[in-house]
Number of protein chains: 2
Amino acid sequence: MVLPRAAKTQRRTRIQEEKEERILEAALEVFSAHGFRGSTIDQIAEVAGMSKPNLLYYFRTKEAMHRALIDRVLDTWLDPLRELDSEGNPVAEIRSYIRRKLELARDFPRESRLFANEILQGAPHIEDELKGPLKQLVDEKAEVIRAWAKAGKIAKCDPYHLIFAIWSTTQHYADFDVQVRAVLGQEHAGEGRFDDAARFLERLFVDGLQVRE
Amino acid sequence: MVLPRAAKTQRRTRIQEEKEERILEAALEVFSAHGFRGSTIDQIAEVAGMSKPNLLYYFRTKEAMHRALIDRVLDTWLDPLRELDSEGNPVAEIRSYIRRKLELARDFPRESRLFANEILQGAPHIEDELKGPLKQLVDEKAEVIRAWAKAGKIAKCDPYHLIFAIWSTTQHYADFDVQVRAVLGQEHAGEGRFDDAARFLERLFVDGLQVRE
DNA sequence: TGATAATTTGACCGGTTGGTAAACATTACA
DNA sequence: TGTAATGTTTACCAACCGGTCAAATTATCA
């Protein structure tokens, strides 16, 4: 039989799990570096150390690979925001949200670039995720922030734009890494830039959120 | 004769100027939406309303189009930073820098995305510009900011990361527009989000830069 | 107006790319 | 062990894509 393609069987075999894992790892490497259109199945196959038809045995199309990858990575990507705790100390919560996001940018830049590529080009494959789960989560957390402001625990500010500002400043160090490196030059080539960024951003946001008068 | 290709002649004809203009406008539309690799000459030709060989009469290769486009847009893109005046009032200067960058993101989102696409994928075509003119300009302006901090006119902070933060927060509204729209939802679909962003960002940075104690 | 240069186009080419078909190899399991 | 299901590979195809060429059309100007 030729068809099953890991769908008909109830239980996934050991080989299926291993190979799908290897493929998605390779797909992350390639898609995050060149975008969907700029990536080829051959490139992914080479990184995975498998033949092209073999990849297509596990994922019927290039789109299916991309989709599976996005589904897998999206949850992890949103975890830091989910952890924002309405019961905690507001300023401390936001500070550690920034730190977690920056750690993600440092440790998982490929995941960040995967989404950046996608959104930059109009989010043709993840529009539903943006308008559904993402919006829902942001709405919920924006309400938490708004409540903090109302209670006088942080300065009044637009919670949506605060979240955008935290996203953009932290992800910048993953998505625009080559620019950051180019501007900072050789002397800051190490990972120290993330510590500098953390210090700067925590100060910027924490001072900006302090209640005035 | 078949060859000239707008190079042999000393003076560019009216037709040459018009057509090159049309092509670069179309190229901006397409490259900014799909990235270099994701764009095809046919797409650009269709947007420009010209035939593919006709484009290639004015620009020998796809790369030449891209290169001409980047050269043309880069200067405009860096103008706001150039205008940062060491003689002016520090806080006012930074505030108006933010405002100008945000206006650029609102009025020229395609130009922003053009660079974002390029940098995100490792800046294969503009590495020299990043390490040369861009770094030079940023170094110069970082020194201005550092001097302001040293003179006690603004809070001490890492000037490079301050510039990165301003870049990322403002360009976010151009580069990740679909995400911003998706999260804000229908109700904020108009251009009002740029005014909200301006209010938020000016407050964030200005408060964050106020000298403490 | 006529000749020359500039511009435009349709037909085409070779390489790449996503994807398929079918033969072959390996694994799981009764 | 035998056999059916699963996994892998070779050869291949059709569409696409960057770019060329030569012929045809249009603009320029003496």
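The residue among A:Leu55 and A:Lys52 whose nearest nucleotide of DNA chain D is located toward the 5' end is A:Leu55.
Rounded to whole Å, the distance from CD on B:Glu20 to P on C:dT8 is 11 Å. To the nearest angstrom, C1' of D:dT25 lies 12 Å from NZ of B:Lys19. Whole-Å rounding puts the A:Leu56 CG to D:dG7 C1' distance at 14 Å. If you measure from atom CD1 of A:Ile15 to atom C1' of C:dA25, you get 11 Å, rounded to the nearest angstrom. The distance between atom CE of B:Met50 and atom P of C:dA6, rounded to the nearest whole Å, is 17 Å. A straight line from CZ of B:Phe59 to C1' of D:dT20 spans 19 Å, rounded to a whole angstrom. Between the NZ atom of A:Lys62 and the C1' atom of C:dT16 there is a distance of 12 Å, rounded to whole Å. The CD1-C1' distance, from B:Ile23 to C:dT7, rounds to 12 Å in whole Å.
With respect to B:Asp177 and B:Arg181, a salt bridge is recorded, a charged nitrogen being found less than 4.0 Å from a carboxylate O. A salt bridge is defined here as a Lys NZ or Arg NE, NH1 or NH2 lying under 4.0 Å from an Asp or Glu carboxylate O, and A:Arg67 with A:Asp71 meets this definition. No salt bridge links A:Arg22 with A:Glu18; every basic N to acidic carboxylate O contact stays at or beyond 4.0 Å.
For CD of A:Glu103, the number of neighbouring non-hydrogen atoms (other residues, nucleotides, ligands) closer than 6.0 Å is greater than 12. At most 12 non-hydrogen atoms from other residues, nucleotides or ligands lie less than 6.0 angstrom from CD of A:Gln186.
One finds no side-chain N or O of B:Gln16 lying less than 4.0 angstrom from the OP1 or OP2 phosphate oxygen of C:dA6. Neither OP1 nor OP2 of C:dA6 sits under 4.0 Å from any side-chain N or O of B:Tyr58. Contact annotation: B:Ser51 reaches the phosphate of C:dT9 (side-chain N/O to OP1 or OP2, under 4.0 Å). Neither OP1 nor OP2 of D:dT8 sits under 4.0 Å from any side-chain N or O of A:Tyr57. Contact annotation: B:Asn54 does not reach the phosphate of C:dT7 (side-chain N/O to OP1 or OP2, under 4.0 Å).
Between the side chains of B:Tyr160 and A:Asp196, no donor N or O sits under 3.5 Å from an acceptor N or O.
Of the candidate nucleotides D:dG19, C:dT20, C:dA11, C:dT20 has the atom lying nearest to any side-chain atom of A:Pro53.
Applying the side chain to side chain donor-acceptor pair (under 3.5 Å) definition to pairs two or more places apart or across chains, none involves residues 32-54 of chain B.
Less than 4.0 Å separates DNA chain D from at least one heavy atom of each of the following residues of residues 27-47 of chain A: A:Arg37.
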